[in-house]
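Below: the structure, in structure tokens.
Atoms considered below: every heavy atom in the structure, side chains included; atoms not considered: hydrogens, waters and symmetry mates.
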Amino acid sequence: MKLLCFAHRNEAKTFFDRLKLSPLDTSLNLFKSDQSFIVITGEGIQNTTEALSIIVSKYEQITEIINYGVCAGLENSLKKNELFSIRTVYQYFDDFSFKSHTSSDEQADLDLISVHKRMYSPDDKLKLSIYAQVLDMETWAIASVAKRFKIPWRSFKTISDEIDENTDCQQIIKDVDIYSDLFWNHFNSLESSIVKKSNITSPLLENSQLHFTHTQSHLVKKYLNSLKLRDVDFSKNFFHSKQYLSILESDYSKKEKAKKIITLLESKYDPITSKEKTKTKEIFNSLKNKYLSFDHSDFIERSSIKFKGQFSNEVDLKNIIATLESIDLQKLKGESKDV
Amino acid sequence: MFEKVLVEKDILNSPHTQHILNKLKHNDPILINKVDEIWGKVKKPYLQKRENLNLFIGKKRGTLVKQAPDAYGLNGDPHFYFIHSYNCIYECQYCYLQGYFNTPDLVLYVNHDEIIKEIETTLDQHPNAWFHAGEFSDSLALNHITNEWSQYWDFFKARPEAKLELRTKSVNIKNILSLEPLKNVLLTFSLSPDEPSKEFDLKTPSTKARIKAIKKLSDSNFQLGIHFDPIIYSEDIEKIYSNLVDQLLENTNLDQINYFSLGVVRYTKDVYRQVESNYPDSKLHAHPYIKSFDNKIRYSKPMRNWLLSTVKNILLSKGVCESKVYLCME
């Protein structure tokens, strides 16, 4: 469900006229229709942050925040009475904040800076215009809260005035009906630009003949995604391959089959490293005995082997030394040897 | 080309600044105190460089010449780099600049006299040193606007024991061709085969165009270097690099190529995060990476070694002397 966010009630006037809104929480100025929530936050970053934080944490059904409002232009070339989608929002509070937030609207092309107090002077205008084309007092708060709650946000603004000491606030108030109609018309034509991430899992992970642990499932997804980037038909071909089918038809347990399929995918994903890993594993398994065990997980990248020995007499110790001396490091390095 | 041009007040009237502003036909820059007070102070998303790129012109302060990292350049000689510019107009998907600075906005520094002076001081302490430009920018991409290299040429002509490398992916060599070829000044090109270049080197001149530029420089007796960096895995790596080396050697006098540096694609953790976020569907993610010995994200060691040895063997089989081939950052 969408949360529509306005700073002033007048900006939302047409929404109140057209939608059947019922008050949900009067202390928060929160209203609800069949399709969406509407909040009137009041002016400024503090008010907006407080209201949105409470609402978003309380109503988990909110999946997107959409903001409509008026803003001031920092560039003379921008037209009034047009609606702009905000791309990135910055904040100025005595100085520029390092953070910025980018909206989920990929078509957005105007940057906005939110300030904490009204700014009028030509110096302010010049300074702020380095980062943004328009200015308001709320959008940064909307974007910050949305980010904190991992909710996508979009902001649509119309320019009511340019930063100027002679700004006619009365005129802006008079024109607010026009702005509200503009927002309403846009909202009605709005199609969700949020593309939901595909939740389709691989048939491999849903196959009842296999059992993957949580970690293994992640690994399978990673391998399949990468292999699909190389070859769009990879999955189709893989599921018809003899190697895959023979694992499925084998007598191994579900867990063992899953493990073998991961090894098979790994050999496709990174054939060179996979070959080296298999070789290293075989060598160290053959060296392993009751006195000595090896951890070779770091061998391929760092040529480093950890081993653990256990002895209780001189014969055991001699066995350990003999086993270690039998390791042919040069042969072992193989492909890992420096060029 | 640039949305806004911001110039430090103190250097507004310097000939270099005026030259740049004239070339950009920009008469009304925004005047600022210092680049560092604004540039990179705010996180500006990297891909906004596509629509909204600003240019800062200023004076580089602090250390102007810095020691290059280990495994940089040919062995033996000391290597340094100097900063005359930050950021780049190109958009290579693997580029480390996307995670290095907080903004894609470009900076051009114009206090070349001071940079050259510091190069001189460094050279006095480290005779035979190499000085590299293009660590944080492309050395030639904006040369038609900046035209700064003639000043460096004069210095390096007078100090033949020092070496200068200008590293580029551009074909912007008109101003360079008007200069005298010097034995100790190398124009070096980053090259990739056609297919990966089209896929990953966005907004850069094609491989064919780069080889054409290399030929022009070779024909005019300029000293050259080639960077096959980054090498990105593909199944036909042998074929595509073999074709690339053939094309290059058909158009260039091998004696003028001082070195071939080979490097496999790599990222710091921050850069890799940016690459994932900026180019989520890129084929750069089609091949496995690991956190490597230096905490950089790379292919596994067997894969790196295989790629490096494959490309190195191609070079050797086509007559390149082994001493001219070095592995970068390995």
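With a 4.5 angstrom heavy-atom cutoff, A:E75 touches chain B only via side-chain atoms. With a 4.5 angstrom heavy-atom cutoff, B:K41 touches chain A via backbone and side-chain atoms both. When heavy atoms are compared at a cutoff of 4.5 Å, A:L126 approaches chain B solely by way of its side chain, counted from C-beta outward. Only the side chain of A:T102 comes within less than 4.5 Å of a heavy atom of chain B; its backbone N, CA, C and O stay farther away.
Heavy-atom pairs under 4.5 Å with chain A peak, among B:L6, B:D281, B:I38, at B:I38.
In terms of modelled atom types and a separation under 3.5 Å, the side chain of A:S100 and the main chain of B:K43 share a donor-acceptor contact. In this structure a side-chain-to-backbone donor-acceptor pair under 3.5 Å is missing from A:T273 to B:P302.
Residues of residues 131-146 of chain A placed with any heavy atom under 4.5 Å of a heavy atom in chain B are listed by number as A:Y131, A:Q133.
Annotation for B:P45 and A:T88: closest pair CG-OG1, 3.7 Å, computed over non-hydrogen atoms. Across every non-hydrogen atom of B:G40 and A:F98, the tightest pair is O-CE1, 4.0 Å. The nearest pair of heavy atoms linking B:N54 to A:I130 is ND2-O, 3.6 Å.
At a threshold of 4.5 Å between non-hydrogen side-chain atoms, the residues A:D270 and B:H287 do not count as touching.
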